[in-house]
Novice: 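Mind having a look at this structure? Questions to follow.
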2 protein chains.
Amino acid sequence: MRLPKLSKLELQIMEALWSGGPLAIREIQETFPQKGRPAYTTVQTMVYRLEIKKALRRMRKIGNAHIFEPLISRDAAQRRLVDDFLGMFGGRMQPVMAQLIEAGNLTSKDVADAEKLLRDLSKSKKEP
Amino acid sequence: MRLPKLSKLELQIMEALWSGGPLAIREIQETFPQKGRPAYTTVQTMVYRLEIKKALRRMRKIGNAHIFEPLISRDAAQRRLVDDFLGMFGGRMQPVMAQLIEAGNLTSKDVADAEKLLRDLSKSKKEP
DNA sequence: TAGCATCTATTACAGTTGTAGGTGGAACGG
DNA sequence: CCGTTCCACCTACAACTGTAATAGATGCTA
């Protein structure tokens with residue numbers, strides 16, 4: 001898999017690495033809120049699985065602890081996530097947007113930002 | 001579970017019921033494109049599981065075949081889907097929108113529709 | 001250097017999802 | 001009535017996900 005599918009927990013672990021630089025397992029674990037924080041070995045298992053999926057790798061060692069770094073970018077992972085998500089709606093955007101708005105998840109600012117981004121994109125296509 | 005989590009295949013089955021009215025298992029199966037159509041018993045298994053999840057129910061019988069109808073609305077199911085999806089992004093809309101747009105999944109029409117919907121919603125809140 | 005703390009590595013297990021085979025009974029066509 | 005077809009039901013199973021325990025290695029501290 002060039003772009004492995006990541007589960008929610010796996011995503012959270014990757015997020016720690018994306019935003020916190022190379023980390024040891026203990027450090028990753030501690031990025032979770034105390035309340036409901038998974039056990040050290042749970043994080044460990046997930047990290048090992050992410051390693052098998054080639055989503056991250058052991059970068060170096062400090063003491064006897066391995067330090068991990070991401071191998072896939074946040075953007076790539078999120079792209080994959082969005083694609084899968086759209087697949088669930090048969091690729092039709094309309095119900096997705098409607099749902100986002102009705103659920104109150106989408107504010108006018110979000111829409112304005114989207115508009116601007118769209119404009120910028122189409123501009124850069126026309127005038128490269 | 002008031003709003004059970006539905007997987008992709010389960011969604012597709014519900015979709016058949018939502019858009020095609022009450023159906024028998026064979027009919028549901030035949031809504032899948034020939035290419036890659038799941039086996040009859042595969043659909044059957046999923047339908048039974050959806051029954052357990054109270055997402056659908058046996059409505060009546062024709063011959064010896066059961067006819068199923070949805071118990072949860074498309075809207076409710078999609079809402080749940082969207083919520084879970086946002087959960088993966090930590091609830092932050094911005095990267096989601098950016099991803100949708102950059103992937104070219106979001107057209108200006110989609111954004112325009114979104115705008116209109118937003119306007120309509122805020123209006124109906126102000127003037128109920 | 002002895003011991004405690006910390007990691008690594010291995011193993012286990014339950015729930016969900018997708019996939020489907022087998023067995024037996026019901027219905028329909030002649 | 002009899003065979004063929006279709007369906008219901010049960011069972012199985014592998015991959016993936018979340019959860020964690022256990023055992024053994026290693027390193028730091030007194």
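Throughout, protein chains are lettered first and strands after them, A, B, ... in sequence-line order, and every chain is numbered starting at 1. Computed from heavy atoms alone, side chains included, the values below leave out hydrogens, waters and symmetry copies.
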Novice: Going through the distances and angles, do A:V82 and B:F85 end up as a side chain to side chain contact (heavy atoms under 4.5 Å, CB included)?
Specialist: CA-CA 9 Å; A:V82 167; B:F85 178 67; 3.9 Å; yes

Novice: Look at atom CZ of B:R57 and say whether more than 12 heavy atoms of other residues, nucleotides or ligands are closer to it than 6.0 Å.
Specialist: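 12 or below, so no.
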
Novice: In whole angstrom, what separates B:H66's NE2 from C:dG25's P?
Specialist: 16 Å

Novice: Show me the protein contacts with nucleotides 17-23 of chain D, counting only N or O atoms at under 3.5 Å.
Specialist:
unit_1, atom_1, unit_2, atom_2, d
D:dT17, OP1, A:K5, NZ, 3.2
D:dT17, OP2, A:K53, NZ, 2.8
D:dG18, OP2, A:S7, OG, 2.4
D:dG18, N7, A:R49, NH1, 2.9
D:dG18, O6, A:R49, NH2, 3.1
D:dA20, OP2, A:A39, N, 3.2
D:dA20, OP2, A:T42, OG1, 3.3
D:dA20, N6, A:T45, OG1, 2.5
D:dA21, N7, A:T41, OG1, 3.4

Novice: List the steps, then state whether salt bridge (Lys or Arg N to Asp or Glu O under 4.0 Å) holds for B:R79 with B:D83.
Specialist: CA-CA 6 Å; B:R79 197 157 31 244; B:D83 286 350; over 6 Å; no

Novice: From CG of A:N64 over to P of C:dC7, roughly how many Å is that when rounded to an integer?
Specialist: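 The distance from CG of A:N64 to P of C:dC7 comes to 7 Å, rounded to the nearest Å.
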
Novice: I need the minimum non-hydrogen distance between A:M97 and B:A114, along with the two atoms involved.
Specialist: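 That would be CE-CB, 3.7 Å.
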
Novice: If you group Ile, Leu, Val, Met, Phe, Trp and Tyr whenever their side-chain heavy atoms sit less than 4.5 Å apart, what else falls in with A:I67?
Specialist: A:M59, A:I62

Novice: Would a distance-only check, ignoring hydrogens and angles, find a side-chain to backbone donor-acceptor pair under 3.5 Å from A:K5 to A:R80?
Specialist: no

Novice: Rounded off to whole Å, could you give me the CE-to-P distance for the A:M88 and C:dT17 pair?
Specialist: 9 Å

Novice: For DNA chain C, determine which residues of residues 14-33 of chain A have any heavy atom closer than 4.0 angstrom to one of its atoms, and list them numerically.
Specialist: A:I25, A:R26

Novice: Using a heavy-atom cut-off of under 4.0 Å over every strand shown, decide if A:Y40 touches base, sugar-phosphate, or nothing.
Specialist: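 The residue A:Y40 makes base contact.
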
Novice: When you measure from the side chain of A:Y48, which nucleotide among C:dT10, D:dC9, D:dA8 comes out closest?
Specialist: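 For the A:Y48 side chain, the nearest candidate turns out to be C:dT10.
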
Novice: I'd like to know if the side chain of B:Y48 pairs up with that of B:Q44 as donor and acceptor (distance under 3.5 Å, no hydrogens or angles considered).
Specialist: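 A pair is found: one side chain offers a donor N or O, the other an acceptor, under 3.5 Å apart.
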
Novice: Within the structure provided, determine whether A:D75 and B:Q99 are in side-chain contact (heavy-atom separation under 4.5 Å).
Specialist: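 In contact.
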
Novice: Quickly work out the A:I62 CD1 to D:dT26 P distance and round it to whole Å.
Specialist: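 Between P of D:dT26 and CD1 of A:I62: 18 Å.
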
